[in-house]
Participant: 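My questions all concern the structure below.
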There are 2 protein chains.
Amino acid sequence: MTGSSNKAEPHRRTRRDHATETAEDYVEAVAEIISERETCRLVDLAKYFAVSHVTANRIVARLQKEGLLQTEPYQPIELTPQGKRLADRCRQRHEIVYRFLLSLGIDKKTAAIDAEGIEHHVSPKTLRKLEQWAKQSK
Amino acid sequence: MTGSSNKAEPHRRTRRDHATETAEDYVEAVAEIISERETCRLVDLAKYFAVSHVTANRIVARLQKEGLLQTEPYQPIELTPQGKRLADRCRQRHEIVYRFLLSLGIDKKTAAIDAEGIEHHVSPKTLRKLEQWAKQSK
DNA sequence: ACAGAAGTTTAGCCCGTGCTACAATTTGGT
DNA sequence: ACCAAATTGTAGCACGGGCTAAACTTCTGT
Ligand SMILES: [Mn+2]
Ligand SMILES: [Mn+2]
Ligand SMILES: [Mn+2]
Ligand SMILES: [Mn+2]
């Protein structure tokens, strides 16, 4: 038995979620920025996440190595097909969580903050329930 | 204006949540283990989180420095008053999130996994709504 | 009493993500 | 064309949290 009544598994899963969280937020941000201002530059990401451009730069480099982003020196940042797919999935999931919180009666600002952290820890099963729920309560 | 319609603030908050997440999970675990087997040893924590005993050791040391845990070389691990208060708050919050997921119709295992990650990102406002909701839907 | 098992500590490594300071490149205005 | 500003890149630091290996202490059974 690998799982059963183990206390450890939830923590393993949470750690795994955290490991992919940055990638998810970055592809989502790149997609959003591109859709808003045509091109996504490093500065845009740094501002978006309120981190230094150095931090953003290293994360972009890593995500490029992982096949999610594409860029060349001093050039704008683009999404690979794989990155685009991930961004879509994340945007949808993010929106479902956000709208669910709104449907609960939370104010927009709080909902935005909570959703930003919660989204990465919502399983597909739970996501479907949240979606049903937000719809039904309308 | 510090906030207004800023994209950055949710990410700042999520990073802050992550910084306190380990502390929250550890004091909660120590409290739970003590209530179950009298004393909490390093091995217990290592098993609980599925982490090497070395990792657990360093985290315990840090949390002791921060005033949440108390221990002496080769001795069991205890909670300081401050740690106890934090553990209580976290257990309550954790349970509310967990029970809410159950009330949504999620199976226990999935609910346990999702709750473990979600709990740290739920604001007091949202927590109150989740609590109301889980109660009402019973 | 004492050897071996169990538990704990320490040393030393890796990786991710945060930073400042500084260098290099590109862009824009005159 | 050229200088200055904006942008991007690089060097080098910190910290948290993951690991293995090896030393040390404590517990246990004979
Ligand atoms: Mn997010
Ligand atoms: Mn998270
Ligand atoms: Mn918890
Ligand atoms: Mn947790």
Side-chain angles (χ1 to χ4, degrees), chain A residues 8-30 33-34 37-78 116-117 120, chain B residues 8-30 33-34 37-78 116-117 120:
Chain A
E9 207 197 322
H11 294 287
R12 260 193 271 258
R13 264 284 309 271
T14 301
R15 286 195 296 269
R16 212 162 53 80
D17 292 343
H18 284 154
T20 54
E21 182 164 334
T22 305
E24 294 175 346
D25 283 338
Y26 269 67
V27 294
E28 209 186 333
V30 171
I33 291 169
I34 286 177
R37 3 190 188 323
E38 303 303 306
T39 74
C40 173
R41 311 289 320 207
L42 204 54
V43 227
D44 301 321
L45 287 173
K47 275 178 202 149
Y48 191 100
F49 290 109
V51 295
S52 76
H53 72 280
V54 182
T55 296
N57 195 24
R58 262 218 330 273
I59 290 172
V60 166
R62 175 171 73 80
L63 298 182
Q64 176 162 28
K65 208 170 357 173
E66 289 175 12
L68 294 170
L69 297 181
Q70 170 56 33
T71 182
E72 269 162 78
Y74 298 95
Q75 289 312 114
I77 293 141
E78 319 216 333
E116 195 57 69
H120 310 280
Chain B
E9 207 198 321
H11 293 286
R12 261 192 272 257
R13 264 284 308 271
T14 301
R15 285 196 296 268
R16 212 163 52 78
D17 292 342
H18 284 154
T20 54
E21 181 164 335
T22 305
E24 294 176 344
D25 283 339
Y26 269 67
V27 294
E28 208 185 333
V30 171
I33 291 168
I34 286 177
R37 1 191 191 321
E38 304 302 307
T39 73
C40 173
R41 311 290 320 206
L42 204 55
V43 228
D44 301 321
L45 287 173
K47 274 178 202 149
Y48 191 100
F49 290 109
V51 140
S52 79
H53 66 282
V54 183
T55 296
N57 195 26
R58 261 220 331 271
I59 290 172
V60 167
R62 174 171 73 81
L63 298 183
Q64 177 163 27
K65 207 169 0 173
E66 289 175 11
L68 295 169
L69 299 180
Q70 169 56 33
T71 181
E72 269 160 81
Y74 298 96
Q75 289 312 115
I77 292 142
E78 319 216 335
E116 194 57 69
H120 310 279

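Sequence lines set the chain letters: A, B, ... in the order given, protein chains first and strands last, and positions in each chain run from 1. Note that these values count all heavy atoms, side chains included, but never hydrogens, waters or copies made by symmetry.
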Participant: B:Arg16 has an atom CZ; how far is it from atom P of D:dG16, in whole Å?
Facilitator: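 Going from CZ in B:Arg16 over to P in D:dG16 covers 17 Å.
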Participant: How does DNA chain D look in dot-bracket form if you count Watson-Crick and G-U pairs under 3.5 Å, write [ ] for pairs that cross, and put | where a base pairs with another strand?
Facilitator: ||||||||||||||||||||||||||||||
Participant: Expressed in angstrom and rounded to an integer, what is the separation of B:Leu42 atom CG from C:dA6 atom C1'?
Facilitator: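 Answer to the nearest Å: 12 Å.
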Participant: Answer yes or no for this row: A:His53 ring on D:dT7 base, centroids under 5.5 Å, planes under 30°.
Facilitator: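 No, aromatic ring not over the base.
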Participant: Using only heavy-atom distances, decide whether a donor-acceptor pair under 3.5 angstrom links the side-chain of A:Arg58 to the base of C:dG18.
Facilitator: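 Donor-acceptor pair under 3.5 Å: yes.
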Participant: For the side chain of A:Asp44 and the backbone of A:Arg41, is there at least one donor-acceptor N/O pair under 3.5 Å apart?
Facilitator: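 Checking the backbone N and O of A:Arg41 against the side chain of A:Asp44, a donor-acceptor pair under 3.5 Å is found.
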Participant: Can you tell me how far apart CG (A:Leu42) and NZ (A:Lys47) are? Round to the nearest 0.5 Å.
Facilitator: 11.0 Å
Participant: In whole Å, what is the span from the CG atom of A:Asp17 to the P atom of C:dG16?
Facilitator: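 Checked: the CG to P distance equals 17 Å.
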Participant: Mind telling me whether A:Phe49 and B:His11 have parallel, tilted or perpendicular rings, with 30° and 60° as the class edges?
Facilitator: perpendicular
Participant: Any side-chain N or O of B:Thr55 less than 4.0 Å from the OP1 or OP2 oxygen of D:dC19?
Facilitator: yes
Participant: Taking the nucleotide of DNA chain C with the nearest heavy atom to each, does B:Asp44 or A:Arg62 sit closer to the 5' end?
Facilitator: B:Asp44
Participant: Does A:Arg15 have a side-chain nitrogen or oxygen under 4.0 Å from the phosphate oxygens OP1 or OP2 of D:dG17?
Facilitator: no
Participant: Less than 4.5 Å apart, side chain to side chain, heavy atoms only: is that true for A:Glu21 and B:Thr14?
Facilitator: yes
Participant: Starting from the 5' end of DNA chain C, give me the residue, B:Val54 or B:Lys47, whose nearest nucleotide shows up first.
Facilitator: B:Lys47
Participant: How about B:His18 and B:Arg15: do any of their side-chain heavy atoms sit closer than 4.5 Å?
Facilitator: no
Participant: State, with a plain yes or no, whether a side-chain heavy atom of A:Arg13 is found less than 4.5 Å away from one of B:Glu116.
Facilitator: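 A:Arg13 does not reach B:Glu116 side chain to side chain.
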Participant: Taking atom C1' of C:dT9 as reference, at what distance in whole Å does atom CD1 of B:Ile59 sit?
Facilitator: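 Atom-to-atom, B:Ile59 to C:dT9, this comes out as 15 Å.
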Participant: Find the distance B:Glu66:CD to D:dC15:C1' and express it as a whole number of Å.
Facilitator: 12 Å
Participant: Using whole Å, report how far CZ of A:Phe49 lies from C1' of C:dG16.
Facilitator: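 The answer, rounded to whole Å, is 15 Å.
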Participant: With respect to the phosphate group of C:dG18, does any side-chain polar atom (N or O) of A:Ser52 fall under 4.0 Å of OP1 or OP2?
Facilitator: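 No, no such contact exists.
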Participant: How far does CD of A:Glu78 sit from CG of A:Leu69, to the nearest 0.5 angstrom?
Facilitator: 10.0 Å
Participant: How long is the line joining OH of B:Tyr48 and C1' of D:dG18, in whole Å?
Facilitator: 19 Å
Participant: Applying a 4.0 Å non-hydrogen cut-off, can you work out what B:Val51 is touching in the nucleic acid: base, sugar-phosphate, or nothing?
Facilitator: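 The answer is sugar-phosphate, as B:Val51 gets under 4.0 Å only of primed atoms, P, OP1 or OP2.
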Participant: Do B:Ile77 and B:Gln64 have side chains that approach each other closer than 4.5 Å (heavy atoms only, starting at C-beta)?
Facilitator: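 No, every pair of side-chain atoms sits at 4.5 Å or beyond.
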Participant: What is the distance, rounded to the nearest whole Å, between atom CZ of A:Arg12 and atom C1' of D:dG17?
Facilitator: 16 Å
Participant: To the nearest 0.5 Å, tell me how far B:Thr20 OG1 sits from B:Glu66 CD.
Facilitator: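 B:Thr20 OG1 to B:Glu66 CD: 10.0 Å, rounded to 0.5 Å.
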Participant: Between N or O atoms, less than 3.5 Å apart, protein on one side and nucleotides 24-29 of chain D on the other: list the pairs.
Facilitator:
{"unit_1": "D:dT25", "atom_1": "O4'", "unit_2": "B:Tyr74", "atom_2": "OH", "d": "3.1"}

Participant: So, is A:Asn57 near the phosphate of D:dT8, with a side-chain N or O under 4.0 Å from OP1 or OP2?
Facilitator: no
Participant: Return the CZ to CZ distance between B:Arg12 and B:Arg16, rounded to the nearest 0.5 Å.
Facilitator: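 Result: 11.0 Å between the selected atoms.
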